[in-house]
Amino acid sequence: MSDQATPVAEPGTLTLGGGPTVGRLGFGAMRITGPGVWGPPRDEGEAIALLRRAVDKGVTFIDTADSYGPEISETLIAKALYPYPAGLVIASKGGLTRPGPGSWAVDSRPEHLRRVCEGSLKRLRLDRIELYQLHAVDHRVPIEDSIGTLVDLQREGKIRHIGVSNVSAVDLSRARRVAEIVSVQNSYNLRDRSSDGLIDICAAAGIAFIPFYPLAKGRLAGGPGSPLDRIAQRLHARPRQIALAWLLHRSAAMLPIPGTSSTAHLEENLAAASIRLSAEDFRTLAAD
């Protein structure tokens, strides 16, 4: 790879269960699909180049799901990166379906999870997915049944580790009675702190916390004169970079996965790994 000396490695690493170990700033591959996370991207070549650039810059964790596209994101990842370089972890998820562009529905029935996991294996050209996550809790199905299916797939050697997404502390507790859970993926950013307590639970238990929408879909509060803007100016950074640095500072269990379809934004996001906030900066942003 062409960028071995990269700031992506600076926040350190995080180990998922008993391994693998990944860098603490990953890449979310939802936005490499078409508008509304539906269909192919406008420029497939650009999406492939973006994925390759992320890996060249030192990213070792890419998050995707069968529902991104649907099926498009996983297909592009394999097209861009297979055979995968040593140390690169591709995580996927199952449990959401796509009625149409911008539309999502939950289906975490055991038969659905098994089918979509098999599909992900084929699209990613993998014999085993290192981290497979329940994408959402289906309130028509006990979470124990959904996680139990992932345990069966784990025993069959089709997935290595199990994670959960869009969960409450109660959901996580129930899931942990059925399986070893190595990751939680919930919305979390400077605007959305609803998972604050869950992050602390994860940190205490050695569970990775993967915040999706780490930049609040580009709608983070802040403008001229705001704390976010002032700190960004003082550190010669962009507000989005400070927002990512804040997440990395928040907990050693944090594994942000900022996603983008833009190489320029990718470069900016990854550069956030080298930003160090003071304790006062962190408190100021937390209180804003």
For Asp171 and Ser168, what are the C-alpha separation, side-chain angles and deciding distance, and is it a side-chain hydrogen bond (donor to acceptor under 3.5 Å, both in side chains)? CA-CA 5 Å; Asp171 295 329; Ser168 67; 3.1 Å; yes
Full working for side-chain contact (heavy atoms from CB on, under 4.5 Å) between Lys158 and Glu118: CA-CA 8 Å; Lys158 294 175 180 176; Glu118 297 277 5; 2.5 Å; yes
Take Ile62 and Leu81 through the test side-chain contact (heavy atoms from CB on, under 4.5 Å) and record every step on the way to the result. CA-CA 11 Å; Ile62 296 177; Leu81 301 173; 3.6 Å; yes
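Under the 4.5 Å side-chain criterion, counting only non-hydrogen atoms from C-beta, Leu285 is in contact with Leu277. Looking at heavy atoms from C-beta onward, Ser146 lies out of side-chain contact with Val137 at the 4.5 angstrom threshold. Side-chain contact check for Arg174 versus Pro142: some heavy-atom pair is nearer than 4.5 Å. For the pair Pro41/Leu76, a side-chain contact is recorded, criterion being any heavy-atom separation below 4.5 Å from C-beta on. A heavy-atom distance below 4.5 Å is not found between the side chains of Ile242 and Leu190. Here the side chains of Leu126 and Tyr84 are in contact, with some heavy-atom distance below 4.5 Å. Put simply, the side chain of Arg98 reaches to within 4.5 Å of the side chain of Val37, judged on heavy atoms. The shortest distance between side-chain heavy atoms of His161 and Ser183 does not fall below 4.5 Å.
Contact between Trp38 and Pro70 at its shortest, heavy atoms only, is CZ3-CD, 3.7 Å. Across Asp229 and Pro224, no two heavy atoms sit closer than the pair OD2-CA, 3.6 Å. What you find for Leu14 and Ala252 is that their closest heavy atoms are CD1-O, 3.6 Å. The two atoms that bring Val164 and Ala175 nearest to each other are CG1-CB, 4.2 Å, heavy atoms only. Here the closest non-hydrogen pair linking Tyr213 and Met30 is CE2-CE, 4.0 Å. Taking every heavy atom of both residues into account, Val116 and Gly94 meet most closely at CG2-CA, 4.1 Å.
The main-chain N or O of Ala29 is found under 3.5 Å from a side-chain atom of Ser73 such that the two form a donor-acceptor pair. Looking only at distances, no side-chain donor or acceptor of Asn269 sits under 3.5 Å from a matching main-chain atom of Gly259. For the pair Arg193 (side chain) and Ala286 (backbone), a donor-acceptor distance under 3.5 Å is present. Arg160 contributes no side-chain N or O that, together with a main-chain N or O of Gln154, makes up a donor-acceptor pair within less than 3.5 Å. Without hydrogens or angle criteria, Gln241 side chain to Glu268 main chain gives a donor-acceptor distance under 3.5 Å. Not one N or O on the side chain of Arg53 forms a donor-acceptor pair closer than 3.5 Å with the backbone of Glu267. The closest donor-acceptor contact from the side chain of Thr33 to the backbone of Gly69 lies at 3.5 Å or more, if one exists at all. Checking side-chain atoms of Ser108 against main-chain N and O of Ala136 turns up a donor-acceptor pair under 3.5 Å.
At a threshold of 4.5 Å between side-chain heavy atoms, the hydrophobic network of Ile, Leu, Val, Met, Phe, Trp and Tyr places Val59 and Leu124 in one connected group. When the side chains of ILVMFWY residues are joined at heavy-atom separations under 4.5 Å, either directly or via intervening members, Leu248 and Phe27 end up in two distinct hydrophobic clusters. A chain of hydrophobic side-chain contacts below 4.5 Å, direct or via other Ile, Leu, Val, Met, Phe, Trp or Tyr residues, connects Ile159 to Leu121. Note: the hydrophobic cluster containing Leu88 does not contain Leu16 (ILVMFWY, side chain heavy atoms under 4.5 Å, direct or indirect links). By the criterion of side-chain heavy atoms lying less than 4.5 angstrom apart, applied directly or through intervening Ile, Leu, Val, Met, Phe, Trp or Tyr residues, Leu25 is grouped together with Leu266 in one hydrophobic cluster.
Separation of atoms OH (Tyr188) and OG (Ser251) is listed at 9.0 Å; rounding is to 0.5 Å. Atom CD1 of Ile143 and atom CZ of Arg177 lie 10.5 Å apart (nearest 0.5 Å). The CG atom of Asp138 sits 9.5 Å away from the CG atom of Leu96 when rounded to the nearest 0.5 Å. A distance of 13.0 Å separates CG in Asp127 from CZ in Arg125, rounded to the nearest 0.5 Å. To the nearest 0.5 Å, atom CG of residue Leu150 and atom CZ of residue Arg114 are 9.5 Å apart. Separation of atoms CG (Leu228) and CZ (Arg191) is listed at 12.0 Å; rounding is to 0.5 Å.
Not counting sequence neighbours, the partners of Arg276 by the salt bridge (charged side-chain N to carboxylate O under 4.0 Å, His left out) test are Glu10. Residues satisfying the side-chain contact (heavy atoms from CB on, under 4.5 Å) test with Thr60, not counting sequence neighbours, are Val22. Residues that satisfy the side-chain contact (heavy atoms from CB on, under 4.5 Å) test with Arg42, not counting sequence neighbours, are Pro35. Scored by the side chain to side chain donor-acceptor pair (under 3.5 Å) test, Asp66 finds no partners at all (sequence neighbours excluded). Residues satisfying the side chain to side chain donor-acceptor pair (under 3.5 Å) test with Ser120, not counting sequence neighbours, are Glu74. Qualifying side-chain contact (heavy atoms from CB on, under 4.5 Å) partners for Ser278, counting only residues two or more places apart in sequence or in other chains: Glu280, Asp281. Taking Glu71 as the reference, Arg123 meet the side-chain contact (heavy atoms from CB on, under 4.5 Å) condition, with sequence neighbours excluded. Annotation: salt bridge (charged side-chain N to carboxylate O under 4.0 Å, His left out) contacts of Arg128 (sequence neighbours excluded): Glu130. Residues passing the side chain to side chain donor-acceptor pair (under 3.5 Å) test with Arg109 are Asp107, sequence neighbours excluded.
The side chain to side chain contact (heavy atoms under 4.5 Å, CB included) with Ile77 is formed by just one residue from the set Ile48, Ile72, Ile90; it is Ile90. Each of Ile129, Asn166, Asp63, Thr64 was checked for a side chain to side chain contact (heavy atoms under 4.5 Å, CB included) with Lys93, and the lone residue meeting it is Asp63.
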Quiz: residues 197-210 side-chain donor-acceptor pairs under 3.5 angstrom, not counting sequence neighbours:
from: Asp200; atom 1: OD1; to: Arg250; atom 2: NH1; distance (Å): 3.3
from: Asp200; atom 1: OD1; to: Arg250; atom 2: NH2; distance (Å): 3.2

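Shown here is Arg238, whose CZ atom has no more than 12 heavy atoms of other residues, nucleotides or ligands within 6.0 Å.
Among residues at least two apart or in separate chains, side-chain hydrogen bond (donor to acceptor under 3.5 Å, both in side chains) pairs with a member in residues 15-31 are Thr15-Thr21. For residues 255-288, every residue pair satisfying the ring-ring contact (aromatic ring centres under 6.0 Å, His included) rule, not counting sequence neighbours, is listed here: Trp246-Phe282, His249-Phe282.
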